[in-house]
Protein chains: 2
Amino acid sequence: MRLARVYDKIQRRSQQHLRRFGLTVSQFDVLAQVGSAEGLCQQELAERLLVTKGNVCGLIDRMEQAGLMVRRPDPEDRRIHRLELTPEGRRLYAEAVPAQEQLIASLLAGLEPEEQRALHGLLRRLDRSIDSSSCLSYR
Amino acid sequence: MRLARVYDKIQRRSQQHLRRFGLTVSQFDVLAQVGSAEGLCQQELAERLLVTKGNVCGLIDRMEQAGLMVRRPDPEDRRIHRLELTPEGRRLYAEAVPAQEQLIASLLAGLEPEEQRALHGLLRRLDRSIDSSSCLSYR
DNA sequence: TATTGTTATACTCTATAACTATA
DNA sequence: TATAGTTATAGAGTATAACAATA
């Protein structure tokens, strides 16, 4: 499976790359999601990351402990925690996200710009067609 | 990152799918590699899977315990273990690999045949260009 | 000395499921 | 009853590094 192999390589490079920031790939995903949509609640985050809320809970625990984010109680619904980045979390976001984009760009650099666009377009179509194909339930 | 999202979905589907066979994705990878190249040694397998030999050791332990494969000492170099599938491993290989291919085919079905070819070609080019871009060391 | 494989440690992620507190 | 979050459990995968046997 070609896609798997390419992805594994990118994943490993990313991992290596993100370690400089003290982040795992999953933690980077959290940072990227919360950084681009502060006020997100844990349930929403779980859905976006395609993992369970239990897992999100542990992820947030570790990142809160690392001083990157905080849980804020929602004043209107006391079951909900809104997620926000700390100043340090925002600093890391501002640093790590562009660095990651640059890494991806450098990995894609072997393709011509129009090939990159073609690849992106095909992946988008594939993404949608996977969603519509049969039942897919993430809790 | 489009590639990551698409891959995650495929990964999750595969996981779900492979569970019927009692396999994790990593174990499937081992089965597929050894099944297509019996006599492989652990070091070679580690390189193909892009993980360390320590990890391979654990993977093999679990799969040997599950009765799917065996380590055979190499008569010429007593440091080496050659990996072979048991009859049950081969049966599973013959069952799981086509099933996995069919799953992938069904996920790709939303794309036209020429789009599938185009995607494959782009991924192959990307794969190669990643390899050649800067240092990449898997131990 | 270098290589193959093993072992040990520690951490992250994951699924699953029971639990609480709110709604 | 349903939802948001928590906790507990168990297992898998991973990196790292020290180790034994063999070359």
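Naming convention: chains lettered A, B, ... in sequence-line order (proteins, then strands); numbering from 1 in each chain. The basis for the numbers below is simple: all heavy atoms, side chains too, and nothing from hydrogens, waters or symmetry mates.
Rotation axes derived from the C1' atoms of the five outermost pairs at either end of the helix from C/dT1-D/dA23 to C/dA23-D/dT1 lie 10° apart, to the nearest 10°.
In terms of heavy-atom proximity, B/Ala66 sits nearest to B/Glu88 at O-OE2, 4.5 Å. Among all heavy-atom pairs drawn from B/Ala4 and A/Tyr7, the shortest one is CA-CE1, 3.3 Å. A/Leu49 approaches B/Arg12 most closely through the heavy-atom pair O-NH2, 4.0 Å.
With rounding to whole Å, B/Asp29 atom CG is found 12 Å from D/dG13 atom C1'. Nucleotide D/dT7 holds its C1' atom 14 Å from the NE2 atom of A/His81, rounded to whole Å. If you measure from atom CG of A/Leu45 to atom P of D/dG5, you get 10 Å, rounded to the nearest angstrom. Straight-line distance from the CD atom of B/Gln11 to the C1' atom of C/dC13: 13 Å, rounded to whole Å. Between B/Gln42 atom CD and D/dT22 atom C1' there is a gap of 15 Å when expressed in whole angstrom units. One can place CD of A/Glu47 at 11 Å from P of D/dT3, the figure rounded to the nearest angstrom. Taking atom CD of residue B/Gln15 and atom C1' of nucleotide C/dT16, one finds them 13 Å apart after rounding to whole Å. A straight line from CD1 of B/Ile80 to C1' of D/dT22 spans 10 Å, rounded to a whole angstrom.
Here B/Arg82 lies out of heavy-atom contact (under 4.0 Å) with every strand.
With the nearest nucleotide of DNA chain D identified for both B/Gln27 and A/Arg19, B/Gln27 has the one nearer the 5' end.
Separating the NE2 atom in A/His120 from the CG atom in A/Leu111 is a distance of 13.0 Å, to the nearest 0.5 Å.
Within the 3.5 Å criterion, the main-chain N or O of A/Pro73 finds no donor-acceptor partner in the side chain of A/Arg78. Proximity of a side-chain donor or acceptor of B/Arg13 to a complementary backbone N or O of A/Ile130 within less than 3.5 Å is detected. Side chain of B/Glu64 to main chain of B/Arg71: a donor-acceptor pair is present (N/O by atom type, distance under 3.5 Å, no hydrogens or angles). The backbone N or O of B/Leu108 lies less than 3.5 Å from a partner atom in the side chain of B/Gln116, making a donor-acceptor pair.
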Please produce a list of atom pairs where a protein N or O lies less than 3.5 Å from an N or O of nucleotides 18-23 of chain C.
residue, atom, partner, partner atom, Å
C/dA23, OP1, A/Arg78, N, 3.0

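Evaluation of the side chain to side chain contact (heavy atoms under 4.5 Å, CB included) rule for B/Arg19 yields no partner, not counting sequence neighbours. In terms of the side chain to side chain contact (heavy atoms under 4.5 Å, CB included) criterion, residue partners of B/Gln27 (sequence neighbours excluded) are, by chain and number, B/Leu23, B/Thr24, B/Leu59, B/Arg62, B/Met63.
The number of heavy atoms from other shown groups lying within 6.0 Å of CD (B/Gln65) does not exceed 12.
Contacts between residues 55-74 of chain B and DNA chain C, defined by a heavy-atom separation under 4.0 Å, are made by B/Cys57, B/Arg71.
Residue B/Thr52 has no polar side-chain atom (N or O) positioned under 4.0 Å from OP1 or OP2 of D/dT14. Residue B/Ser26 has a polar side-chain atom (N or O) positioned under 4.0 Å from OP1 or OP2 of D/dG13.
Listed by first then second residue, pairs satisfying salt bridge (Lys or Arg N to Asp or Glu O under 4.0 Å) with a partner in residues 23-43 of chain A read A/Glu38-A/Arg90, not counting sequence neighbours.
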